[in-house]
Asks: 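Okay, here's the structure, questions in a sec.
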Amino acid sequence: MSEAQQVADRPGAAPPGANSVDRYFRITARGSTIAREIRGGFATFFTMAYILVLNPIILGSAKDKFGHQLDGAELVTATALVAAVMTIIMGVGGNLPLALAAGLGLNAVVAFQIAPLMSWADAMGLVVLEGLLICVLVVTGLREAVMHAIPQSLKQAISVGIGLFIAFIGFVDAGFVSRIPDVANTTVPVQLGATGALSGWPVLVFCLGVLLTIGLLARRVRGAILISILVMTVVAIVIDSVADIKSWGLTTPKVPDDIVAAPEFGLLGNFSLFGAFGETTVITVALLLFTLILSDFFDTMGTVVGISAEAGLLDEQGRVPNLGRVLLIDGAAAVAGGASSSSSATSYIESAAGVGEGARTGFANLVTGGLFACALFLTPLLTIVPMQAAAPALVAVGFLMMTQVKHIDWDKYEIAIPAFLTIAVMPFTYSITNGIGAGFVAYVLIKTVLGKARQVHWLLWGTSALFLVYFAIDPIEQLLGVK
C-alpha cells in the first residue's frame, strides 16, 4: 500500500483531546492539521481563481439565437457566488478537499453550441435540467455504481492521466507551450513558447516559479506550493511595474486602484427549464443533454477519483469516502450553475493543488469557499495573481499525481493498454472525459477478445456503449438529420 493510502480515511474515533471541528472533519484522523487545511484551501483558490475571469469571457463573448449577450459584471458575481456556496457545501457535506466552480469545456458547449440555438434563459434551463437528471442518477445509485464498477487499475490510470493533463494545462496557460497556428502548415501541433523559443517576462516568471516550487518540494518545505504562488505574484507585480509587457494573458498583476467592488446579482434565476423544447427539435435537445450529462458525469468521476487517490482517501477497494453525498452535491452544483446563468458548475481538478499542500478534508473547502465569497466584494484584489504565478502549482501537482503510475501492472496487456490510453488521451485531447472513454472502450474490447467478457461489469458495458455514441456523435447527428 502506498504512503498516501496509509493516511486514508479509516473508521475509528478521533484522537483524545480533538475539538469538535477536528472530529467532524476527521482532520487528525486523516493525518492532517488545521494549518495544512488552511494552506491547502488558499492554494486551491489561487490555482482556480482564474475562473472568475475566464468564465465571464467565454460566456460573455457569445450571443444567443436573438443576438443577446450576458453582462460581464453579472457573470463575475454569479461565478463567484456559485463557487463559494457549492464549495462550502461540498466541504461540510462531502468532507473532501474538492472545490467546485463553473466547468471549463461545459461553459464552451453552452456558449458556442447551445446558446446559438435558443435564448440564454432556455440554454441555462437546459443546464438546470442536466443537473437534475444527474441528481436522479445519483439518487437511484447508478452514478455511484458505475464508479464502483471501475477496476482499481483504471482508477489509478485516471489519476495519472489527470496529472499529465493538469501539468499540460499549466504549461499552456503560462505560455511555456503554445499551439502552432494552422496557417504554419506544419504537422507539429505545439511548440516551446509562442515562437519556438521562450521569450518575455511572463514566461520567465513561470519558469522561476517552477524552479522555486520544485526546489521547495525537494526540500519538503511546508506550504511549498502556496509560498511559490505568493512569491511569484509579488515578483510579477514588481516586473510589471518596471518592464514594458504587452500582455500577461487573462490577469495582469497590478495593485488595483479599487479594492472593493459591489456584486451584481442580475442573472440569478434567469432560466427557463423547458424553454429549449420550444426553440429546437426534441432530438436536438436530447443530444445536447446527452453531451452535457456525459461530459459532466465522467469529468467529475475522474476528478473525484483522482483527488481522493492523491489525498490517500481511497479505501482498499479503491472507493471514495462519502461518495453518494459527493456526487449528489456535484449534481446540485450543475443545477446552481444553470440557475445563476454561470453555466454548469462541477468539481475542479485544480483542487489537487490544495491536496499537494496537505489538505485532506472538507475544512480546506471552507477556506476556498470563503475566499470565493470574498471575491464577490474584493474581486479587484483577489484576481491579481497571474496564471504564470499559479501555473507552477499545476506542474508540481502533475508530478505528485504521476507517481501513482507505479501501481499499475504493466505486464498485463488487458490492464496496461486501457491504462495507457486513459493516460495518453487525456492530455492529448485536452479532455478528462475522452481519456476515460478511451480506456473504458479498450478495456471492454480486450477482455472480450481474450474470452473474459464475463469479467466485465454490466455497467462498464453500458457506459462503454454510451462512449461509442459519444465518440461517434457527429455521424449520428448527420444520420438523424440534426446537422
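Worth knowing before you read on, the calculation uses all heavy atoms, side chains too, and leaves out hydrogens, waters and symmetry mates.
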Asks: Walk me through it: do T346 and D296 pass the test side chain to side chain donor-acceptor pair (under 3.5 Å)?
Replies: CA-CA 7 Å; T346 188; D296 198 353; 3.2 Å; yes
Asks: Does E357 pair with R36 as a salt bridge, N-O distance under 4.0 Å?
Replies: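 No.
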Asks: Does F372 form a side chain to side chain contact (heavy atoms under 4.5 Å, CB included) with M86? I'd like the steps, not just the answer.
Replies: CA-CA 10 Å; F372 272 115; M86 297 313 303; over 6 Å; no
Asks: Does G338 offer a backbone N or O that forms a donor-acceptor pair with the side chain of S342 under 3.5 Å?
Replies: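 Flag not set: sc S342 to bb G338 has no pair under 3.5 Å.
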Asks: What is the ring orientation for F176 with F171, classed by angle as parallel under 30°, tilted 30 to 60°, or perpendicular over 60°?
Replies: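 Rings of F176 and F171: tilted, 30 to 60°.
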Asks: Can you confirm whether the side chains of S32 and E37 place a donor and an acceptor under 3.5 Å from each other?
Replies: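 Indeed, the side chains of S32 and E37 share at least one donor-acceptor pair under 3.5 Å.
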Asks: Show your working on side chain to side chain contact (heavy atoms under 4.5 Å, CB included) between V92 and Y24 and close with a plain yes or no.
Replies: CA-CA 9 Å; V92 175; Y24 181 84; 3.5 Å; yes
Asks: Report yes if the side chains of I180 and V190 come closer than 4.5 Å at any heavy-atom pair, otherwise no.
Replies: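 They are not in side-chain contact.
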Asks: With heavy-atom distances below 4.5 Å as the criterion, would you say the side chains of L96 and P321 are in contact?
Replies: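 L96 reaches P321 side chain to side chain.
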Asks: With a 4.5 Å cut-off on side-chain heavy atoms, are Q388 and W248 touching?
Replies: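 The answer is yes; the side chains approach within 4.5 Å.
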Asks: State, yes or no, whether a side-chain contact exists between Y413 and I446 at a heavy-atom distance under 4.5 Å.
Replies: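 When only atoms from C-beta onward are counted, I446 and Y413 do not touch, as no gap falls below 4.5 Å.
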Asks: Would you say CZ of F467 has more than 12 non-hydrogen atoms from neighbouring residues, nucleotides or ligands within 6.0 angstrom?
Replies: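 Enclosed: over 12 neighbouring heavy atoms sit under 6.0 Å from CZ of F467.
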Asks: Going by side-chain contact (heavy atoms from CB on, under 4.5 Å), L164 matches just one of M402, M426, M401. Which one?
Replies: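 Among M402, M426, M401, the one that satisfies the side-chain contact (heavy atoms from CB on, under 4.5 Å) with L164 is M402.
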Asks: Please report the closest heavy-atom contact between L371 and G41, naming both atoms and the distance.
Replies: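 Looking at all heavy atoms of both residues, the closest pair is CD1-O, 4.4 Å.
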Asks: Can you find a pair of side-chain heavy atoms, one from V177 and one from Q191, that are under 4.5 Å apart?
Replies: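 Side chain of V177 against side chain of Q191, heavy atoms only: no contact under 4.5 Å found.
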Asks: Can you pull the ring-ring contact (aromatic ring centres under 6.0 Å, His included) pairs that have at least one residue in residues 317-367, sequence neighbours excluded?
Replies: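 Qualifying pairs: F25-F363.
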Asks: Please say which of L230, T44, V397 ends up in a side-chain contact (heavy atoms from CB on, under 4.5 Å) with I225.
Replies: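 Of all the options given, the one that passes is V397.
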Asks: For Y470 and N434, does a side-chain donor sit closer than 3.5 Å to a side-chain acceptor?
Replies: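 Yes, a side-chain donor-acceptor pair sits under 3.5 Å.
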Asks: Give, for atom CD of Q156 and atom CD1 of I408, the distance between the pair rounded to the nearest 0.5 Å.
Replies: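 Going from CD on Q156 over to CD1 on I408, the span is 6.0 Å.
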Asks: With side chains defined as the heavy atoms from C-beta onward, is the minimum distance between L460 and K447 less than 4.5 Å?
Replies: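 They are not in contact (no side-chain heavy atoms under 4.5 Å apart), so the answer is no.
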Asks: With rounding to the nearest 0.5 angstrom, report the CG to CG distance, L98 to D330.
Replies: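 Reported to 0.5 Å precision, the distance equals 7.5 Å.
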Asks: Say whether S347 and T303, considering side chains only, have a donor N or O and an acceptor N or O under 3.5 Å apart.
Replies: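 Side chains of S347 and T303: no pair found under 3.5 Å.
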Asks: Is there a donor-acceptor contact under 3.5 Å from the side chain of S247 to the main chain of G249?
Replies: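 It does hold such a pair.
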Asks: How about CZ on F471, more than 12 heavy atoms from neighbouring residues, nucleotides or ligands closer than 6.0 Å, or not?
Replies: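 Yes.
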Asks: Side chains of N55 and T79: any donor to acceptor distance under 3.5 Å?
Replies: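 T79 vs N55: donor-acceptor pair found between side chains.
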Asks: For F440, does the CZ atom sit with more than 12 other heavy atoms under 6.0 Å from it, leaving out its own atoms?
Replies: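 Correct, the count exceeds 12.
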Asks: Are F168 and Y430 an aromatic pair, judged by ring center distance below 6.0 Å?
Replies: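 Distance test on ring centres: under 6.0 Å, yes.
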Asks: Are side-chain heavy atoms of H407 and Q152 found at a separation under 4.5 Å?
Replies: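 H407 does not reach Q152 side chain to side chain.
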Asks: Return the CD1 to OG1 distance between I27 and T361, rounded to the nearest 0.5 Å.
Replies: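 Here the rounded value is 4.5 Å.
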Asks: Side chain of D22, backbone of T28: donor and acceptor closer than 3.5 Å?
Replies: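 Checked: pair present.
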Asks: Hey, does the side chain of T77 reach the backbone of P263 with a donor-acceptor pair shorter than 3.5 angstrom?
Replies: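 Flag not set: sc T77 to bb P263 has no pair under 3.5 Å.
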Asks: Given 3.5 Å as the limit, does a donor-acceptor pair link the side chain of R360 with the main chain of V355, or not?
Replies: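 Yes: the side chain of R360 pairs with the backbone of V355.
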Asks: So, N95 and N322: side-chain donor and acceptor under 3.5 Å apart, yes or no?
Replies: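 No, because no side-chain N or O of N95 sits under 3.5 Å from a partner of the opposite role on N322.
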